[in-house]
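See below for the structure under consideration.
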Amino acid sequence: MIGPGFADRIRAELKRAALSIGAPADVEPILERPRDPAHADWASNIAMVLARPLRRKPTEIATAIRDSMNLADAGVDRIEIAGPGFLNFRLDPATVAETVRGIVAENENYGRSAAGENCPVVVEFVSANPTGPLHVGHGRQAALGDAISSLLEWTGWRVSREFYYNDAGVQIDNLELSVRAHINSNGGPAEIPEGGYHGEYVREIAVRYDAVTGEGVREFALRALRAEQDLDMQAFGVKFDTYYLESSLYTDGKVHDVVDRLIANGHTYESEGALWLRTTQYGDDKDRVMRKSDGTYTYFVPDVAYHLTKWQRGFTHAINVQGADHHGTTTRVRAGLRALNMGIPEGYPQYVLHQMVTVVKESEEVKISKRAGSYVTVRDLIDWVGRDAVRFFFLMRKGDSPLVFDVDLARRQSDENPVYYLQMAHARMSGIFRVGEIDASRMDVSSVDLSVLAEAEEQALIKQLLDFPAEISGAAAAMEPHRITAYALETARLAHFWYHKHHVLGEPEPIMLARLALARAAQIVIRNTLHLLGISAPERM
RNA sequence: GCGCGCGUAGCUCAGUUGGAUAGAGCGUCGGCCUCCGGAGCCGAAGGUCGUGGGUUCGAAUCCCGCCGCGCGCACCA
C-alpha cells in the first residue's frame with residue numbers, strides 16, 4: 001500500500017503527539033487531502049476537534065501538537081498551521097517521487113485492498129422481464145451494476161453478479177398473447193391485445209416460431225428474448241455469474257413456503273377475498289396484498305422468496321441496482337423478509353436506485369426505435385457510439401440525477417468527448433514506449449533515481465496517482481462509480497499537462513529513465529481505472 | 001395529498017460523508033504555441049450554492065418550513 005502509507009505514518013505520529021499534550025485516549029486523528037492542493041499534501045482538523053474537550057483554542061492546540069511531533073517519524077517535510085487551526089503536512093518532493101516505484105511494481109494490482117475480507121455479496125442488476133430488448137435504463141443499470149461489482153472486487157469482496165428473470169406473471173401472458181396475435185394474422189396487421197407488446201421483435205418471433213417442434217409459443221418467445229438480452233449484455237461486455245428464474249420459485253415450491261411461513265408467523269390476514277401482509281408493521285404506509293382474489297400471487301411474494309434464497313445461499317450482503325421507478329417496492333420486500341422472522345436484517349437488501357435516461361441526438365430527444373417500438377435499446381446506443389462510450393457516459397453521472405445521453409458528443413473523436421480524452425491519455429503514455437521501443441511491461445525501475453521528478457506537473461501527477469487506492473475504497477463504500485470516472489478524467493488531465501510540458505525521450509538519461517517510470521505509473525493507473533469501469537485501454541488511437 | 005430524489009457559473013455537472021478563498025469541462029473574451037502523437041497552453045470574466053429559519057468554532061453538505069422539477073403511491077413488475 002502506497003497512498004495510505006503516508007497517511008498512516010502521519011496519523012500514528014499525530015496521535016502520539018496529541019496524547020502527549022493530554023488528548024483523550026480514544027482520539028482518532030482524521031487526515032484528508034485538502035481540496036486546494038496549495039494548502040497541503042495532507043491536513044488534519046484534530047486541533048479543532050480537541051478544542052472542546054481540552055478547553056483550549058484550536059490554534060494553541062495545533063501549535064502544541066506540531067511542536068511535539070517528530071518530522072522524520074511522520075515522514076513529512078514540513079508542518080504548518082493555517083486557517084482556524086488546521087495542521088498542514090507537506091511531503092518532501094523526493095519522498096513523493098519515490099512512490100512511483102511502488103506503483104510500477106504493483107502494476108495491475110495497484111489500487112486493490114482487502115477491506116471486504118472475502119465476504120460474499122450478490123449484486124443484482126438489469127433483471128429485465130423477458131418481454132423485449134433491453135432499453136437504455138437497463139443499460140445504465142448494467143453499467144452501474146457491473147462497475148459497483150468491480151469496485152467491490154477491488155476492495156476485497158467476493159462478488160456474484162446476478163440477473164433475475166421475471167419470467168412469470170401477467171406480463172409474460174401478454175407477451176404470449178402478442179406473439180399469438182401475429183401468428184394468427186398470418187403476416188397481416190395483427191390485433192395486439194390490451195397491455196401487449198408492439199415492437200417489431202414480436203412479429204419476428206412469430207415468424208420464426210415453428211409449431212412442428214412441439215415447443216409452446218410462450219416457451220419459444222421467452223427463450224428467444226432471453227437469448228436476445230444475453231446477446232445485448234454480451235455486446236456490452238457484462239458477464240453474469242448466475243441467472244435466477246422467477247418461474248423456478250414456483251416450481252420449487254419456494255413461493256408457497258414463504259406464504260406458509262408468513263401465515264404461520266401471524267403477520268397476515270384475509271380481507272376482501274385476498275390475503276394481506278401487515279407490512280405496516282415494518283414501516284410501509286399500507287398493508288399489501290399477497291394473494292389476489294383470483295388465487296394468484298402479487299409480484300412481491302416471489303420477490304420475497306427470491307431474496308430469501310439470496311440470504312440462504314450465504315449472501316449476508318445483497319445489493320440491488322434498479323430504476324428509481326421501482327422505489328415503492330423496496331419497503332415491502334424488506335418488510336416481507338423481516339416478517340419471516342429468520343434474522344434477516346432491516347436494511348437487507350441494499351438498494352442503489354438510479355434516475356431515468358433520455359437519449360439526445362442532433363439536439364432532439366430520441367424516443368423510439370424500429371425494433372422495440374416505443375423505446376431506444378441498449379443495442380442502438382452500442383451501435384451508434386460503441387461499447388466504451390456507452391459505459392463511460394452511463395457512469396459519468398451519479399445515479400441520483402437524471403442522465404442525458406448525448407449521442408453526438410459520445411461519438412466525437414476529439415477532446416470534447418471525455419471518453420476520447422481519457423483513452424487518449426492512455427494511448428499517449430503507451431506511445432512514449434512505442435516510439436522509444438521500450439517494453440513497458442518489462443521495465444525495471446528498481447534502481448532508477450526518481451528524485452529528479454521534481455517539476456510541478458510531475459509532483460501534481462504523482463500525488464494524483466497516489467490518491468487512486470483511496471478513491472477506489474471511497475467509491476466502493478458509497479457504491480458510486482461516478483467518482484472513478486471523475487477521478488480518471490482528472491488523472492488524464494494531469495497526464496496530458498505533464499506530457500505537453502515535459503519531454504521524455506531524448507532527455508538526458510537520468511531524467512529520461514525517471515520520466516519513463518512516471519509515464520509507466522500514469523499508464524498503469526489510467527488503465528486500471530478504465531478496466532475497472534469495463535472500458536478498453538487502447539495503446540494507440 | 002403522501003413518500004422518495006433533485007435544485008450549485010450561460011450550459012452539462014463535481015464537491016472526498018461538517019472544513020480553509022465553492023471547482024472542472026464546454027461556451028465567451030484576451031494572449032501565446034505548432035512540440036514523442038492530432039488545437040494544445042496561459043490568463044480573465046462569470047455564484048445571495050432554489051428560498052427562509054435552525055443546529056456549532058465552521059453548513060452547498062445535517063434538521064424544519066416554503067417554492068420549482070422528476071419518479072412512485074395497483075389485487076402490474
Side-chain angles (χ1 to χ4, degrees), chain A residues 30 32-36 38-40 43-45 47-49 51-52 57-58 82-86 88 127-129 131 164 166 168-174 195 246 271-276 283-286 288-300 302-303 322-331 351 353-356 396-404 406 409 413-418 421 424 427-436 467 470-471 473-475 477-478 480 482-483 485-487 489-490 493 496-497 499-507 519 540-541:
Chain A
I30 292 171
E32 57 185 14
R33 298 296 310 271
R35 194 158 35 200
D36 184 351
H39 285 140
S44 177
N45 64 352
M48 277 110 87
V49 175
R52 184 179 289 259
K57 287 184 189 167
F86 285 101
N88 285 341
S127 295
N129 303 327
T131 55
Y164 178 58
N166 295 111
V170 185
Q171 312 200 24
I172 305 300
D173 297 341
N174 289 334
E246 181 187 3
S271 173
E272 303 164 51
L275 180 67
W276 298 69
D284 205 353
D285 49 3
K286 56 181 131 178
R288 304 292 169 174
V289 169
M290 294 169 60
R291 192 172 58 218
K292 298 181 255 183
S293 44
D294 67 2
T296 62
Y297 295 106
T298 58
Y299 70 92
F300 109 89
D303 254 15
Q322 300 180 342
D325 54 337
H326 285 63
H327 174 261
T329 71
T330 61
T331 317
Y351 286 92
L353 302 179
H354 68 83
Q355 298 293 324
M356 300 292 103
M396 230 172 15
R397 306 281 176 245
K398 64 178 167 195
D400 290 335
S401 36
L403 188 145
V404 178
D406 183 339
L409 178 62
Q413 299 287 304
S414 76
D415 292 350
E416 294 161 82
N417 180 351
Y421 186 76
M424 185 54 152
R428 276 208 160 128
M429 297 303 118
S430 308
I432 295 172
F433 297 111
R434 187 173 53 252
V435 173
D467 280 341
E471 289 289 335
S473 30
E480 291 179 343
H482 78 274
R483 293 197 198 181
T485 55
Y487 170 80
L489 282 175
E490 180 62 17
R493 218 164 67 86
H496 283 303
F497 286 172
Y499 176 89
H500 281 292
K501 189 92 182 256
H502 306 288
H503 276 224
V504 178
L505 302 176
E507 295 291 310
R540 62 197 307 170
M541 297 178 68

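Proteins come first, then strands; the chains are lettered A, B, ... in the order of their sequence lines, and each starts at number 1. Atom set for the values below is all heavy atoms of this structure, side chains included, hydrogens, waters and symmetry mates excluded.
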Tell me what A:E471 touches on the nucleic acid: a base, only sugar-phosphate, or nothing, going by heavy atoms under 4.0 Å.
nothing
Base B:C75 to side chain A:S293, donor-acceptor N/O within 3.5 Å cut-off
yes
Base, sugar-phosphate alone, or nothing: which one does A:H326 contact when heavy atoms must sit under 4.0 Å apart?
base
By nearest atom, which of the nucleotides B:G19, B:C36, B:G38 is closest to the A:L505 side chain?
B:C36
Measure from the side-chain heavy atoms of A:A478 and tell me the nearest of B:A77, B:G19, B:U17.
B:U17
Taking any heavy-atom pair under 4.0 Å as a contact, classify A:K286: base, sugar-phosphate, or nothing.
sugar-phosphate
Using side chain to side chain contact (heavy atoms under 4.5 Å, CB included) as the criterion, point out the one residue from A:N166, A:V170, A:T329 that pairs with A:Y299.
A:T329
Ignoring hydrogens and angles, tell me if any N or O in the side chain of A:H496 forms a donor-acceptor pair with the backbone of A:Y421 under 3.5 Å.
yes
Rounding to an integer number of Å, can you tell me how far A:Y351 OH sits from B:C71 C1'?
17 Å
Should B:C32 form a Watson-Crick or G-U wobble pair with both distances under 3.5 Å, which nucleotide is its partner?
B:G40
On RNA chain B, nearest-nucleotide positions of A:E490 versus A:H39: which is more 5'?
A:H39
Watson-Crick or G-U wobble partner of B:C71, both distances under 3.5 Å:
B:G3
Under 3.5 Å on both distances, the Watson-Crick or G-U partner of B:A45:
none
Which one, B:A24, B:C36, B:G15, comes nearest to the side chain of A:R493?
B:A24
Between B:G5, B:C75, B:A77, spot the one nearest the side chain of A:Y299, thanks.
B:A77
Please classify the nucleic acid contact of A:D400 as base, sugar-phosphate, or nothing, using heavy-atom distances under 4.0 Å.
sugar-phosphate
Please determine whether the number of non-hydrogen atoms from other residues, nucleotides or ligands lying under 6.0 Å from atom NZ of A:K292 exceeds 12.
yes
Does A:D415 contact B:A39 through a side-chain donor or acceptor facing the base, at a distance under 3.5 Å?
no
Write down the distance between NE2 (A:H482) and C1' (B:C6), rounded to a whole number of angstrom.
14 Å
A:Y421 OH - B:A24 P separation (whole Å)
13 Å
Quick note, A:M48 side chain, CB onward, closest among B:A20, B:G19, B:A14 is B:G19
Looking only at side-chain atoms of A:R397, point me to the closest of B:C13, B:A77, B:C41.
B:C13
Touch class at under 4.0 angstrom, heavy-atom based, for A:A51 against every strand present:
nothing
Partners of A:E480 by side-chain hydrogen bond (donor to acceptor under 3.5 Å, both in side chains), sequence neighbours excluded?
A:R483
Consider the side chain of A:P34, meaning its heavy atoms from C-beta on, and name the nucleotide among B:C36, B:A20, B:C76 that approaches it most closely.
B:A20
Is the base of B:U17 syn or anti, where syn means the angle lies within 90° of 0?
syn
No-H, no-angle donor-acceptor pair, A:D325 side chain to B:G72 base, under 3.5 Å
no
Taken to the nearest whole Å, CG/A:D173 to C1'/B:A77 is 13 Å
With a 3.5 angstrom cut-off on both distances, give the Watson-Crick or G-U wobble partner of B:A59, or none if there isn't one.
none
If you check every side-chain atom of A:R483, which of B:C75, B:A20, B:U16 has the closest atom?
B:U16
